[in-house]
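Numbers here are sequence positions counted from 1. Every number for a ligand or one of its atoms is a count from 1 in the order of the listing. Side chains included, hydrogens not; waters and symmetry mates left out as well; all remaining heavy atoms used.
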Amino acid sequence: MSEFEIRILTPEDWELYKSARLKSLRDSPDSFGSTYDQEAALSDAEWQSRLDLKLRAIDALPLIAEMDGQAVGLAWGLIHEPDLEIAHIYQMWVSPALRGKGIAKTLLREIKAWALGRGCDLMALAVTTSNEAAANLYRSSGFVATGQLEELRVGSALLVQPMVMELNSAA
Ligand SMILES: CC(C)(COP(=O)(O)OP(=O)(O)OC[C@H]1O[C@@H](n2cnc3c(N)ncnc32)[C@H](O)[C@@H]1OP(=O)(O)O)[C@@H](O)C(=O)NCCC(=O)NCCS
């Protein structure tokens with residue numbers, strides 16, 4: 001079987017990114033704070049500018065996993081405030097047909113290496129409490145639950161558990 005490859009998305013990749021992200025929102029509506037309807041309404045210019053990190057003046061690592069030229073996974077690392085030294089993880093998704101092959105773990109490893117290189121001492125994310133696959137992924141990668149449960153989105157019955165991993169003491 002072919003190997004997957006991971007690379008950083010650039011503004012030129014906006015159509016590929018749009019397609020993969022919308023697929024992820026349609027496939028896994030309970031996994032993300034955002035919704036398919038919200039993001040399907042974005043203009044092409046908005047998709048393009050999402051990946052224009054210089055224009056947005058943000059420090060982020062937008063990753064895509066590809067196999068045979070197809071997008072098979074996504075994940076973002078994002079540092080909101082450099083002074084806080086926390087790298088947040090968003091948009092983690094792997095194509096259903098290719099789950100269980102280590103793609104998400106590899107995406108996480110890449111974000112961790114990037115976060116360490118940026119001097120972060122913590123990685124943070126939130127996972128829907130009913131999402132066993134993702135919770136296992138994060139636990140087995142060194143994340144621990146912290147803080148109170150929060151609504152997935154305003155008014156949602158679904159709850160998310162914040163999780164963190166300390167980078168200096170992580171395996
Ligand atoms: C969660 C998700 C990203 C995992 O992707 P993946 O590429 O299949 O994960 P990996 O193959 O790298 O698995 C890594 C670890 O995750 C856990 N895991 C993955 N799938 C699992 C499942 N179905 N059941 C239980 N644990 C699972 C295991 O601990 C696994 O380690 P192991 O193989 O050594 O046991 C994928 O299922 C997905 O895209 N789900 C829908 C979107 C989503 O929930 N995103 C997370 C938002 S917070």
### Task
Decide whether an N or O pair under 3.5 Å exists between Ser28 and ligand 1.
no
#### Entry: Heavy-atom nearest neighbour in the protein, as seen from atom 44 (O) of ligand 1, with distance rounded to 0.1 Å
Asn131 ND2, 2.6 Å
### Query
With a 4.5 Å limit on heavy-atom distance, are the side chains of Met163 and Gln161 in contact?
yes
### Candidate with minimal heavy-atom separation from atom 46 (C) of ligand 1, of Arg139, Gln91, Met92
Met92
### Message
I'd like to know if Arg50 pairs up with Glu39 as an ion pair, taking the criterion as any Lys NZ or Arg NE/NH1/NH2 lying under 4.0 Å from an Asp or Glu carboxylate oxygen.
### Response
yes
### Query
Between Arg139 and Glu132, is the closest basic N to carboxylate O distance under 4.0 Å?
yes
### Query
Is there a protein heavy atom less than 4.0 Å away from atom 14 (C) of ligand 1?
yes
### Query
Which of the atoms of ligand 1 are close to Ala134, meaning less than 4.0 Å from one of its heavy atoms?
1 (C), 46 (C)
### Task
Please indicate whether Glu5 has more than 12 foreign heavy atoms, meaning atoms of other residues, nucleotides or ligands, lying under 6.0 Å from its CD.
no
### Message
Under 4.0 Å from atom 33 (O) of ligand 1, can you find at least one protein heavy atom?
### Response
no
### Message
Side chains of His88 and Trp76, heavy atoms from C-beta outward: is any pair under 4.5 Å?
### Response
no
### Message
Checking a contact table here: which protein heavy atom is nearest atom 8 (O) of ligand 1, and how many Å away?
### Response
Gly100 N, 2.7 Å
### Query
Tell me, which protein residue and heavy-atom name are nearest atom 20 (N) of ligand 1, and how many Å apart are they?
Ala133 CB, 3.7 Å
### Protein contact of atom 39 (O) of ligand 1 - nearest heavy atom, named by residue and atom, plus distance
Val94 N, 2.8 Å
### Message
Give me the nearest non-hydrogen protein atom to atom 28 (C) of ligand 1 as residue plus atom name, then the distance to 0.1 Å.
### Response
Asn136 CB, 4.1 Å
#### Entry: Nitrogen or oxygen of Tyr138 less than 3.5 angstrom from that of ligand 1
no
#### Entry: Step-by-step side chain to side chain donor-acceptor pair (under 3.5 Å) determination, Glu46 to Ser43
CA-CA 5 Å; Glu46 284 170 306; Ser43 68; 3.2 Å; yes
## Note on the structure
A student comparing Gly102, Ala126, Ala135, Ser31 should find that the heavy atom closest to atom 11 (O) of ligand 1 comes from Gly102
### Task
Hey, could you give me the CG/CH2 distance between Leu9 and Trp14, rounded to the nearest 0.5 Å?
13.5 Å
### Any side-chain donor near an acceptor of the partner, Asp13 and Thr10, under 3.5 Å
yes
### Message
Pairs of nitrogen or oxygen atoms closer than 3.5 Å, one from Leu98 and one from ligand 1: do any exist?
### Response
no
### Message
Using a 3.5 Å cut-off on N or O atoms only, is Val127 in polar contact with ligand 1?
### Response
no
### Query
Looking only at protein heavy atoms, which one is nearest to atom 7 (O) of ligand 1, and how far off is it?
Ala104 N, 3.0 Å
### Query
Can you tell which of Leu152, Asn131, Val160, Val127 makes a side chain to side chain contact (heavy atoms under 4.5 Å, CB included) with Ser31?
Asn131
### Task
For Gln91 and Tyr17, test the side chains for any donor-to-acceptor distance below 3.5 angstrom and give the result as yes or no.
yes
#### Entry: Which of the ligand 1 atoms, numbered from 1, are nearer than 4.0 Å to a heavy atom of Lys101
11 (O)
### Query
Does the ring of Phe32 carry Arg21 above it, NZ/CZ under 6.0 angstrom from centre and within 45° of its axis?
yes
### Query
Would you say Trp93 has any N or O atom under 3.5 Å from an N or O of ligand 1, going by distance alone?
no
### Query
For Leu84, does the CG atom have more than 12 heavy-atom neighbours from other residues, nucleotides or ligands under 6.0 Å away?
yes
### Task
Using a 4.0 Å heavy-atom cut-off, say whether Leu137 meets ligand 1 through its side chain, its backbone, both or neither.
both
### Summary
atom 37 (O) of ligand 1 has as its nearest protein heavy atom Arg99 CD, 3.3 Å
### Task
Please determine if Arg99 and Asp27 form a salt bridge, counting it only when a charged side-chain N lies under 4.0 Å from a carboxylate O.
yes
### Query
Does any N or O atom in Lys105 lie less than 3.5 angstrom from one in ligand 1, N or O only?
yes
### Query
Does any N/O atom on Phe32 come nearer than 3.5 Å to any N/O atom on ligand 1?
no
